[in-house]
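Below is one structure; the comments refer to it alone.
Heavy atoms only: backbone and side chains are in, while hydrogens, waters and symmetry mates are out. Within every chain, numbering begins at 1; the chains are lettered A, B, ... in the order of the sequence lines, protein sequences first and strands thereafter. As the structure is a computational prediction, the values presented were derived from the model and not from experiment.
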Amino acid sequence: MSPIIQIESLSKIYDTGFEALKSVSLDVEDGEILALLGPNGAGKTTLISIIVGLVNATGGSVTVDGRDIVDDYRHTRALIGLVPQEITTDAFETVWATITHTRGLFGLAADPAYIEQLLKDLSLWDKKGEKLMTLSGGMKRRVMIAKALSHKPRILFLDEPTAGVDVELRKDMWALVRRLKDSGVTIILTTHYIDEAEEIADRVAVINHGEIIVVEEKAELMRKLGQKTLFLDLQERLTVLPESLSAFNVALSEDGNQLIYTYDTNAERTGITRLLATLNDSGIRFRDLSTTQSSLEDIFVKLVRDEA
Amino acid sequence: MNLYAIKAIYTFEMARTVRTLMQSIVSPVLSTSLYFVVFGAAIGSRIEAIDGVSYAAFLVPGLIMLSVLTQSISNASFGIHFPKFIGTIYEVLSAPVSPFEIVVGYVGAAATKSVILGLIILATATLFVSVEILHPVWMLAFLVLTSVTFSLFGFLIGIWAKNFEQLQIIPLLIITPLVFLGGSFYSIKMLPPVWQTVTYFNPVLYLVSGFRWSFYGNADVNVGLSLLMILLFLALCLYAVSWIFKTGYQIKT
């Protein structure tokens, strides 16, 4: 199956001379959830903005559903829903009116039954007649999502959707994202909450300084780049790391009660057996041990740091 | 053609007019009434008839044009500038809507308001003076053409302006003087020859003159020329709008 979005050598240089995207190429598969991670100013929003038609690209091309986003914008934009990073609403409009308005912009007749269901799904039904300026920030965020879904898009862009929202809304939002994915919607999200990307995404693309550093299945990425850490709780406190352990990538915790050993899960030998044998030979006894897998956040930080 | 989108933009803009009824309709009607009271009744009674038309009646087309021009620009420029300013313009720009449809929606709504406003002012005027309209169809044609053209011009200003100050500059510093000096309140035949010649360079003269002709059959300039000038200005505005959407000037980065 061909990708639903194909980005080829996309570049963007703003009038200020700032190069936001440097020949970015990326395929988004139909029906997947792709998390686009990157620090502030990495080019995430520029990339999304070009695809939806808010920013003109300097070079390269993008196709959505096999059609060019410039030549065939009517077809491509009709497939896309966008929840932008900034909450921008028409203060004096009611919730119902603003969502119906968006649906109209996408060339569709009013569908009160669908809008009613949408508002109920987003816990907005009892606010349908209220003006947007009377809503809380979280409620406005829900309205933005309802607007993006008003025309039943096949592709949904969520640009930092959970920035500044409370726990309840965040949970609701991810539940909604899962339901949308189940119904076949392709979702591209940018987020600073890497744990969320880790939980929800199928694939992860990391972008930094306008370049895609890595695109990988989430599980594969974590397997490839993942490191594990072994914690050994000592029976007796150590003040310094024994000389015999200097050959290992091991550190002593600040309080001296724990040895911390970091190893690569993909390495031919993890070195654990040798470490434990050395400890035994040195007379260092331990009470307990535990291991942790590095998170997507750790991987992300490492990637961005390495690249810098 | 995305007719639903045109309807969505048009309805949205018209709803704004209803919300701001005082600003959009009541305020221009009130100020026009004041003009009639002061210039029409109080001062006008001491001014002799112009081409057989009483000064108060002579004022009517000029005052309608004054309001229609300024309100067309103000409504259309605000209509597009505000969503640009607060950021809601993203919605229109990311929707499957062509530039032509966007313009029809915004400019259509602004022009509709201006036509309604012009007719309300005309109705208000009949309370103060007896007004005859010799060519009602032409009157309506001039009113609609002027409303559309200047709403389009306002739309351009709304896109061009980087802030609210710039939004006010052109209407305040250019349009108002042009309207006042374009024969809205006098016939240019009353001016010395030199100033008559200067006034021929004022495009508003042709609008007011053509419009007044549709009322009383008298005009400062040939009515065909008036029509030509409006159409020329309309064509210029259309060209500018199409250039803006082609290049994304001040809309897209």
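- In the displayed structure, B:W138 atom CH2 is contacted under 6.0 Å by at most 12 heavy atoms of other residues, nucleotides or ligands.
- For CZ of B:F164, the number of neighbouring non-hydrogen atoms (other residues, nucleotides, ligands) closer than 6.0 Å is greater than 12.
- For A:I51, no part sits under 4.5 Å from any heavy atom of chain B, backbone or side chain.
- Residue-environment remark: CZ (B:F185) exceeds the threshold of 12 foreign heavy atoms within 6.0 Å.
- If you tally non-hydrogen atom pairs under 4.5 Å between each of A:V52, A:T100, A:D90 and chain B, the highest count goes to A:D90.
- Within a 6.0 Å sphere centred on CD of A:E86, heavy atoms belonging to other residues, nucleotides or ligands number 12 at most.
- The two residues B:P96 and A:R74 have their closest heavy-atom pair at O-NH1, 3.2 Å.
- When all heavy atoms of B:S94 and A:F106 are compared, the closest pair comes out as O-CZ, 3.8 Å.
- Interface summary for chain B: among A:A109, A:A91, A:A78, the most heavy-atom pairs under 4.5 angstrom belong to A:A109.
- Within the 4.5 angstrom heavy-atom criterion, no atom of A:A148 approaches chain B.
- Neither the backbone nor the side chain of A:T76 comes within contact range of chain B, judged by heavy atoms closer than 4.5 Å.
- Pairing each heavy atom of A:L105 with each of B:A95, the nearest pair is O-CB, 3.7 Å.
- Between B:I86 and A:T88 there is no side-chain heavy-atom pair separated by less than 4.5 Å.
- Residues of residues 2-12 of chain B having a heavy atom under 4.5 Å from any heavy atom of chain A, listed by number: B:N2, B:Y4, B:A5, B:A8, B:I9, B:F12.
- Residues B:Y90 and A:S49 have side chains not in contact (no heavy-atom distance under 4.5 Å, counting atoms from C-beta outward).
- With contacts defined as side-chain heavy-atom distances shorter than 4.5 Å, the pair A:M144/B:E91 does not qualify.
- B:F85 CZ: 12 or fewer foreign heavy atoms inside a 6.0 Å radius.
- A donor-acceptor contact shorter than 3.5 Å links the side chain of A:R77 to the backbone of B:L93.
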